[in-house]
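Below is one structure, written out as structure tokens; the observations come after it.
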Amino acid sequence: RSWIARARAYSGPDEDVITSCLEMCESLGLTVNLCLHGAPGGQSGEQACGFADPLWEPAMWDVDASVRCVEHMARRWATRKSGVVDAITVVNEPSNAIPLPTLLDFYGRAYAAVRRHSADVCVVFPCYQRSFGDFASEGFCPPSHMANAVFDCHLYHCFGDNWQRETTLDEALQCARTGEEHWPCLPHLPAPAVVSEWSLRLPVWDRAFPMARQLEPLDAAAQRDIYRSLGRNQVRQFAGCGAGWFFWTWKVDAPASDGTCREPHWDARECIRRGWLDPRWWGGEPVDDDANWLAAPVADRSIGDDAD
């Protein structure tokens, strides 16, 4: 594997760090969706599984070892009496180059592995860069015997040529409202589903992109309104589909040289402070008094630095 020559010495498995994080969540009354983000052999050649490997092929993914990892996660952490582990996502963003029968066989085995240790934890299956029709054609909706099992999708408006070179602001806002043009489309998934990754990032880092050219001449208030519409449309869409969601991320840990947030569109706290997100939307209610909310002091809509 080409990436091994570039890799640093392995230090791990550091499972005590995960346990410590769960203990912290228990003390705060939080529950956790524990995700196998990097599977043995890699579930893709992308950096999201821990390393990028342009030579990756689906046959490199070690399915058997991945099932063992999921079972180990369930055995060690899903059995905690507090119920802090509310869900286990069996793998993150599996490549759509993996044959669907191989992926669905893994999902079935991973579900059984979790259930050997917990009857209650939710089992989450990624529907990543595939249409739900692909799963339905194989009878995996999921199967009726799989209790408390849901599909997960990651819904962004910034990655890939379609968003970067072919999509306008109006089209992005319409997609945020309806879900159409996403792959998969959330309204097509069985409810309830999970949107475990989304953000307010738009492809504006290159003026060759249509959205960058459209946003550039707008003043700060007009740009704020665009991002606020993007956030509101997404939250309402998720609520309308009965979907739970996780914004990526709570806090960006890479500040700019002047101490400000380098990537505010990925930082939930910063999005709220700037008025792009509004916590009053979380339940999907039609809250539209933007003028009153935005006129309030920034401190009044802050979620607090003490939670950093």
Side-chain angles (χ1 to χ4, degrees), residues 1-15 17-18 21-22 32-78 85 87-111 113-114 122-130 134-135 149-156 158-161 163 182-184 193-199 201 245-250 252-254 263 266:
R1 305 293 293 275
S2 62
W3 65 271
I4 292 178
R6 306 189 304 272
R8 291 175 294 182
Y10 173 70
S11 175
D14 289 336
E15 292 182 357
V17 175
I18 298 175
C21 289
L22 294 179
V32 174
N33 173 9
L34 200 58
C35 175
L36 180 61
H37 220 76
Q43 69 272 21
S44 76
E46 303 300 323
Q47 51 81 27
C49 43
F51 51 85
D53 185 355
L55 302 180
W56 178 88
E57 298 177 356
M60 295 177 179
W61 178 32
D62 191 331
V63 176
D64 292 341
S66 298
V67 173
R68 292 196 296 272
C69 286
V70 171
E71 180 154 16
H72 181 74
M73 292 162 60
R75 181 190 302 112
R76 175 151 186 179
W77 294 299
V85 176
I88 290 179
T89 298
V90 297
V91 71
N92 175 70
E93 296 186 354
S95 169
N96 60 11
I98 296 171
L100 187 57
T102 299
L103 183 64
L104 297 185
D105 176 69
F106 166 71
Y107 283 177
R109 294 171 61 193
Y111 174 87
V114 172
C122 181
V123 182
V124 183
F125 303 125
C127 185
Y128 181 68
Q129 291 188 347
R130 301 177 192 260
D134 295 339
F135 292 85
V150 301
F151 282 108
D152 167 47
C153 51
H154 296 175
L155 303 180
Y156 292 118
C158 58
F159 295 124
D161 282 348
W163 293 111
H182 269 136
W183 190 34
V194 178
V195 182
S196 70
E197 293 186 23
W198 66 284
S199 78
R201 189 63 158 126
W245 53 261
F246 300 81
F247 189 87
W248 188 285
T249 183
W250 172 254
V252 172
D253 285 324
E263 291 279 2
W266 300 97

Side chain to side chain contact (heavy atoms under 4.5 Å, CB included) between L104 and F135, worked out: CA-CA 8 Å; L104 297 185; F135 292 85; 3.5 Å; yes
Verdict with supporting geometry, V194 and F151, side chain to side chain contact (heavy atoms under 4.5 Å, CB included): CA-CA 6 Å; V194 178; F151 282 108; over 6 Å; no
Hey, do the aromatic rings of [X] and [Y] have their centres closer than 6.0 Å?
X: W183; Y: H154; answer: no
X: W56; Y: F51; answer: no
X: F106; Y: W61; answer: yes
X: W245; Y: W198; answer: yes

D62 side chain to A65 backbone, donor-acceptor under 3.5 Å: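 Judged by distance alone, yes, a pair lies under 3.5 Å.
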Shortest non-hydrogen separation from [X] to [Y] and the atoms involved:
X: L55; Y: M60; result: O-CE, 3.3 Å
X: A48; Y: N92; result: CB-ND2, 3.8 Å
X: P94; Y: Y107; result: CG-OH, 3.7 Å
X: C49; Y: S44; result: SG-O, 3.3 Å
X: H37; Y: Q43; result: O-NE2, 2.8 Å
X: F159; Y: Y156; result: CE1-CD1, 3.6 Å

Gap between atom CH2 of W77 and atom SG of C21 - 0.5 Å precision: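 Going from SG on C21 over to CH2 on W77, the span is 10.5 Å.
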Distance, nearest 0.5 Å, that separates CH2 of W266 from CZ of F247: 8.0 Å
Option passing side chain to side chain contact (heavy atoms under 4.5 Å, CB included) with V123 (candidates T89, V90, I88):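 Only match with V123 under side chain to side chain contact (heavy atoms under 4.5 Å, CB included): V90.
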Test side chain to side chain contact (heavy atoms under 4.5 Å, CB included) applied to E15 and R76, step by step: CA-CA 9 Å; E15 292 182 357; R76 175 151 186 179; 2.5 Å; yes
E197 atom CD: more than 12 heavy-atom contacts under 6.0 Å: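 Above 12, so yes.
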